[in-house]
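In what follows, a single structure is set out as structure tokens and then discussed.
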Amino acid sequence: MSEKHTVGVVAKLVGVSVRTLHHYDEIGLVTPSDRTPSGYRSYSDADVERLHRVLTYRALGFPLEEIAALLDDPDVDALAHLRRQHELLSERIDRLHEMAAAVEKMMEAKSMGIQLTPEEQNEIFGADWPGEEYAAEAEERWGDNDAWKQSQQRTAKYDKKDWQRIKAEGDALEAKLAEAMAEGVEPGSDRANALAEEHRAGIAKFYDCDHPMQVNLAEMYVADDRFRQHYDDIAPGLAQFVRDIIVANAEQQ
């Protein structure tokens with residue numbers, strides 16, 4: 001007999017918010033097959049398996065409407081979905097690694113293509129800013145990347161006032177993120193989603209950033225010690241909080 005799972009258990013099991021599961025149920029994407037006597041959602045093993053397939057397609061950038069059509073196609077069985085997902089994931093592994101490398105330190109440092117003197121960099125970003133030294137390292141590592149090239153083109157037009165504004169906006173966003181975390185804002189809530197979109201808009205000052213790319217950035221915030229330290233120096237646990245609100249927001253798109 002298939003085991004039944006509450007919505008809270010499933011949320012923790014697969015790493016999404018309860019709000020996301022409610023949304024998937026409301027749009028008919030992953031509907032729990034049963035209800036408890038009290039009326040609460042109850043997921044079977046098969047329901048959880050479908051949810052995993054949904055999340056894999058989401059990680060590959062598929063919109064929810066297309067995922068629903070794919071999963072409900074009577075001519076395609078579960079094994080065929082797994083084979084297709086494995087093929088698509090394999091094709092994207094190299095690209096995802098490249099995307100992650102391309103944006104390292106860009107949010108905090110704003111160094112890609114920066115057109116300021118070392119003195120101006122120090123004035124705007126502080127004495128611990130790696131400046132030209134990091135820019136040289138970044139170009140050597142990622143100079144052939146599309147995101148790098150796009151950021152070079154955009155930031156070449158920025159002057160000192162532009163960088164001061166960008167730095168101020170970044171500091172203000174980080175303060176709002178820390179405040180939201182301190183107030184217990186839940187990933188997937190309207191306020192958290194708005195902050196995630198504000199974060200994505202900040203990235204877009206440098207290069208085009210869709211939700212899958214933003215999620216990849218978010219994973220790097222907790223995996224890369226430099227990113228984690230930057231956020232956690234603002235407020236302990238902030239790197240994980242930023243990652244969680246970005247992922248939850250992307251899952252609802």
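Small disclaimer: the values here were computed from a predicted structure and weren't measured.
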Could you report the tightest heavy-atom contact between D171 and K167, atom names first, then the distance?
OD2-NZ, 2.7 Å
Can you tell me how far CD of E26 sits from OG1 of T31, rounded to the nearest 0.5 angstrom?
10.0 Å
Measuring only between side-chain heavy atoms, which start at C-beta, is S33 closer than 4.5 Å to S44?
yes
Closest contact, heavy atoms only, V48 versus L13:
CG1-CD2, 4.0 Å
Test: R41 and D47 ion pair at under 4.0 Å
no
Can you check whether L51 reaches V10 side chain to side chain, under 4.5 Å on heavy atoms?
yes
Whether R191 and E186 form a salt bridge (side-chain N of Lys/Arg under 4.0 Å from carboxylate O of Asp/Glu) is what I want to check.
no
Let me check something: do V9 and L21 share a hydrophobic cluster, defined by ILVMFWY side-chain heavy atoms less than 4.5 Å apart, either directly or through other members?
no
For V215, does its backbone N or O pair with a side-chain atom of E219 as donor and acceptor, under 3.5 Å?
no
Any side-chain donor near an acceptor of the partner, D45 and H5, under 3.5 Å:
yes
For Q229, does the CD atom sit with more than 12 other heavy atoms under 6.0 Å from it, leaving out its own atoms?
no
Going through the distances and angles, do D25 and V30 end up as a side-chain contact (heavy atoms from CB on, under 4.5 Å)?
CA-CA 5 Å; D25 183 13; V30 181; over 6 Å; no
Minimal non-hydrogen separation, A11 against S17, with atom names:
CB-C, 4.2 Å
Could you check V185, I234, L238 and say which one makes a side-chain contact (heavy atoms from CB on, under 4.5 Å) with L177?
L238
For the residue pair Y231 and Y221, does the interplanar ring angle fall in the parallel (under 30°), tilted (30 to 60°) or perpendicular (over 60°) class?
tilted
Given 3.5 Å as the limit, does a donor-acceptor pair link the side chain of R53 with the main chain of I67, or not?
no
R19 side chain vs G188 backbone, donor-acceptor pair below 3.5 Å
yes
Considering all heavy atoms of both residues, which atom of R228 and which atom of A239 are nearest to each other, and what is their separation?
CA-CB, 3.9 Å
So, T56 side chain and H52 main chain: donor-acceptor pair closer than 3.5 Å or not?
yes
Which heavy-atom pair separates A180 from L195 by the least distance, and what is that distance?
CB-CD1, 3.6 Å
Which atom names give the shortest non-hydrogen contact between A218 and R243, and what distance separates them?
O-CG, 3.3 Å
Report the C-alpha distance between E198 and K176 in whole Å, list the side-chain angles of each, state the deciding distance to 0.1 Å, and finish with yes or no for side-chain contact (heavy atoms from CB on, under 4.5 Å).
CA-CA 10 Å; E198 187 174 345; K176 286 193 286 186; 2.8 Å; yes
Validation row: E251, H23 side chains within 4.5 angstrom (heavy atoms):
no
Close side-chain approach of Q240 to D244, heavy-atom, < 4.5 Å
yes
Assess whether side-chain contact (heavy atoms from CB on, under 4.5 Å) is satisfied between V7 and Y43, documenting all intermediate values.
CA-CA 7 Å; V7 65; Y43 292 80; 4.0 Å; yes
Checking side-chain contact (heavy atoms from CB on, under 4.5 Å) for the pair R35/S42: CA distance, chi angles, key distance, verdict?
CA-CA 5 Å; R35 294 269 177 171; S42 180; 5.7 Å; no
Do E197 and H211 pair up side chain to side chain, a donor and an acceptor below 3.5 Å, judged on atom types alone?
yes
Taking Q214 for its side chain and A196 for its backbone only, find out whether a donor-acceptor pair lies under 3.5 Å.
yes
Applying a strict under-4.5 Å side-chain criterion to I, L, V, M, F, W and Y, I'd like to know whether V14 and Y40 cluster together.
no
Is any side-chain heavy atom of L55 closer than 4.5 Å to one of Y24?
yes
Are L64 and R58 side-chain neighbours, meaning at least one heavy-atom pair lies under 4.5 Å?
yes
Roughly how far, to the nearest 0.5 Å, is CD of E65 from CG of L70?
11.5 Å
